[in-house]
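Below, each value reflects all heavy atoms present in this structure, side chains not excepted, and no hydrogens, waters or symmetry copies. Residues take their numbers from the sequence shown, with the count starting at 1.
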Amino acid sequence: MKRSVQQTEEHGNRPRVDPQAFRRRLLAWYDRHRRVMPWRAEKGQQPNPYHVWLSEIMLQQTTVATVGPYFMKFVRRWPTVQALARAKPDDVRKLWAGLGYYRRARSLHEAARVIVQQDDGRFPDTEAALRMLPGCGPYTAAAVAAIAFGRAANVVDGNVERVMARLHAEKTPLPQAKQILRDLAARFVTGTRAGDYAQALMDLGATVCTPRNPSCASCPVESFCAARAQGIAESLPRRAEKKPRPVRRAMAFYVTDGNGAVLLRRRPAKGLLAGMMEIPSSDWRKGPLPSLRRVQEDAPVKADWQLLPGTIRHVFSHFDLEMVVAVATSSGAAGHRWVRLPALSREALPSVMHKIIRHVQTHNRKD
Ligand code: SF4
C-alpha cells in the first residue's frame, strides 16, 4: 500500500525529513510518554550530572532493566562524585559485580577521582572535556553533554541508528552505514531541549521502533518514515554478515575445604575482569575443551579431581567462553583465599563465576 510521507527527495534518492517538524512531533510524544528512570530528572527539573554520567557508564552494553538496581545501590552508597572518588577500589568492584564489562567499574572510579581532583567535583560540561575522562567514549560524552548540560550533541547509539535507517530507508548495511546514519542524525540536533530530544529518540527506539515488530501503527513519527511507507521497516538497518565469534575454552577448579568454604583467587590487576575474584581455572585458550590430564598442572592444589558433567557458556564482548568444571576437597593452597559459601555474594565475583557455582550446586551432590 502506498502511504503519504512528510518527505522530499534529495540527491542520492535518500528521502529528506523536515528536522523541525520531526522534532516537534517527537518531543510532543516524549512529553506524554517519557519513560520514568531513577537517573532521569522530573519534567522541568535540572538533571543531576553525576546521576546522568553514572547511568550512561552503566548503560554501556547493559539494558535499562538490569542497570536500575545497580544505579540505586551506587547512589545510596556514594551519593556524590566526591563520595565515589573516596571509595575503595574493591568496594566499587563488589557493588559492580554482576553488571559485566568490569573495566567500566575501574574507569568509573578513576574518572570520579579525576573530576574531584580537577575542579573539586564540578563536572566537565562539554563533549570535548567529557571525552578526556577515563571510560567516556564519544557516545557517552555526547549523551552526558546533551542530557546533563543541554549541549547540542549528536547522541547516536544502536537505537538512534535504527530509527535513522528506517526514517530515511537507508539500505547500506552496518557497519558501513554508521557514518551515513550519524550524519543523518546530526541534521536533527539543535541546542533547544537537547537532552529531551536525545532521550526522546532513545525512548522511541527502545519502546516503539524496536528491532523486531516495530509498532509503526502507534508511532508518533510514522508520517515521516520512508521505511514504513515502503513496507521494509523491520528489515532495516541491514547488517553485513557477521564473522563467527572466537571461542575460548578452559577448566574451572572448584575446591572446597569440606567445611563449606570455597577457594578463590584474585585476577591480575590488568586485562579482562581485572582485580576481580574468581574460581581458579586453566588458561582460557583457543582449541578443544581441555582434558583433566592436560591441565592438571594449572590446578591450585594437588587433589583427587572429579570432572562434573555439562559445559558452562558465557559471552564476553570479543569471544565466547566454554568451561568444564572439576571439583575436589582440599585443605590448603598458597596465595588463595577461602570464602564461606554464604559470604560469596559479598565478593566481587563476575557473572561467569556465579554460573560456575550454580553449575556445581546442580551437578555435585556432595556440595
Ligand atoms: Fe520506526 Fe515504524 Fe516509526 Fe518508522 S514508523 S520510525 S519504522 S516505528
Side-chain angles (χ1 to χ4, degrees), residues 37-41 46-64 66-158 194-195 198-199 202 266-277 316-318 348 350-351:
M37 296 179 188
W39 48 85
R40 268 192 185 170
Q46 275 300 107
N48 178 330
Y50 172 56
H51 288 185
V52 174
W53 166 72
L54 178 61
S55 67
E56 287 298 337
I57 300 286
M58 288 182 164
L59 286 164
Q60 293 168 356
Q61 290 137 325
T62 310
T63 62
V64 167
T66 305
V67 163
Y70 283 90
F71 174 84
M72 293 310 296
K73 276 196 289 184
F74 264 70
V75 293
R76 267 191 221 116
R77 178 92 179 257
W78 300 299
T80 61
V81 70
Q82 289 87 348
L84 179 60
R86 286 193 299 269
K88 290 189 191 136
D90 210 37
D91 288 343
V92 177
R93 274 196 290 267
K94 281 179 186 169
L95 231 62
W96 192 278
L99 203 49
Y101 299 95
Y102 295 91
R103 186 173 304 181
R104 293 180 298 169
R106 203 174 56 220
S107 301
L108 178 87
H109 196 208
E110 281 170 18
R113 290 177 165 176
V114 169
I115 293 166
V116 170
Q117 277 161 15
Q118 271 177 358
D119 211 355
D120 198 28
R122 233 169 57 94
F123 258 83
D125 65 358
T126 63
E127 256 183 284
L130 285 157
R131 280 294 302 277
M132 305 299 284
L133 295 176
C136 206
Y139 169 77
T140 305
V144 176
I147 299 168
F149 302 109
R151 302 279 183 190
N154 192 17
V155 186
V156 184
D157 66 354
Q199 292 176 102
M202 290 174 195
R266 191 178 289 283
R267 289 185 62 83
K270 289 219 161 81
L272 187 71
L273 309 177
M276 306 283 293
M277 298 303 289
F316 287 98
S317 55
H318 296 100
S351 307

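F123 and Y50 have tilted rings, their planes meeting at an angle from 30° to 60° on a 0 to 90° scale.
Side-chain N or O atoms of H109 include one that pairs as donor or acceptor with a backbone N or O of L84 at under 3.5 Å. Y70 places no side-chain N or O within donor-acceptor distance of the main-chain N or O of S55, the cut-off being under 3.5 Å. Between the side chain of Q60 and the backbone N or O of G137, no donor-acceptor pair lies under 3.5 Å. Side-chain N or O atoms of R77 include none that pairs as donor or acceptor with a backbone N or O of L95 at under 3.5 Å. Remark: the backbone N or O of L59 is not paired with any side-chain donor or acceptor of T62 at under 3.5 angstrom. Checking side-chain atoms of R104 against main-chain N and O of G135 turns up no donor-acceptor pair under 3.5 Å.
Taking CD of Q118 as the reference point, atom CG of L133 lies at 6.5 Å (rounded to 0.5 Å). Here OH of Y101 is found 10.5 Å from CG of L272. Values are rounded to the nearest 0.5 Å. Distance check, rounded to the nearest 0.5 Å: CH2 of W96 to CG of L108 gives 5.5 Å. Of the inter-residue distances, the one linking L54 atom CG with N48 atom CG reads 9.5 Å to the nearest 0.5 angstrom. Atom OG of S351 sits about 4.0 Å away from atom OH of Y102, to the nearest 0.5 Å. Note that CE of M37 and NE2 of H51 are 15.0 Å apart. Values are rounded to the nearest 0.5 Å.
A pairwise comparison of heavy atoms in W78 and D91 identifies CH2-O, 3.7 Å as the closest pair. Here the shortest heavy-atom pairing between P124 and A129 reads CB-CB, 3.6 Å. Smallest separation of non-hydrogen atoms from I147 and P47: O-CG, 3.1 Å. Minimum heavy-atom separation, L130 to A141: CD1-O, 3.6 Å. Of all the heavy atoms in A87 and V92, the pair that sits closest is CB-CG2, 3.8 Å. Between A142 and V155, the shortest heavy-atom distance links the atoms O-CG2, 3.5 Å.
Remark: the Q199 side chain and the R40 side chain contain an N/O donor-acceptor pair separated by less than 3.5 Å. Side-chain polar atoms of Q61 and S317 form no donor-acceptor pair below 3.5 angstrom.
Looking at heavy atoms from C-beta onward, F149 lies out of side-chain contact with T126 at the 4.5 angstrom threshold. W39 is not listed as a side-chain neighbour of M58, based on a closest heavy-atom distance of 4.5 Å or more. Residues I57 and S107 have side chains not in contact (no heavy-atom distance under 4.5 Å, counting atoms from C-beta outward).
The 12-atom threshold is not exceeded at CZ of R122, counting heavy atoms of other residues, nucleotides or ligands nearer than 6.0 Å. Other residues, nucleotides and ligands place more than 12 heavy atoms under 6.0 Å from the CZ atom of R266.
Of the residues listed (M277, M276, R106), the one engaging R93 in a side chain to side chain contact (heavy atoms under 4.5 Å, CB included) is M276, and it is the only one.
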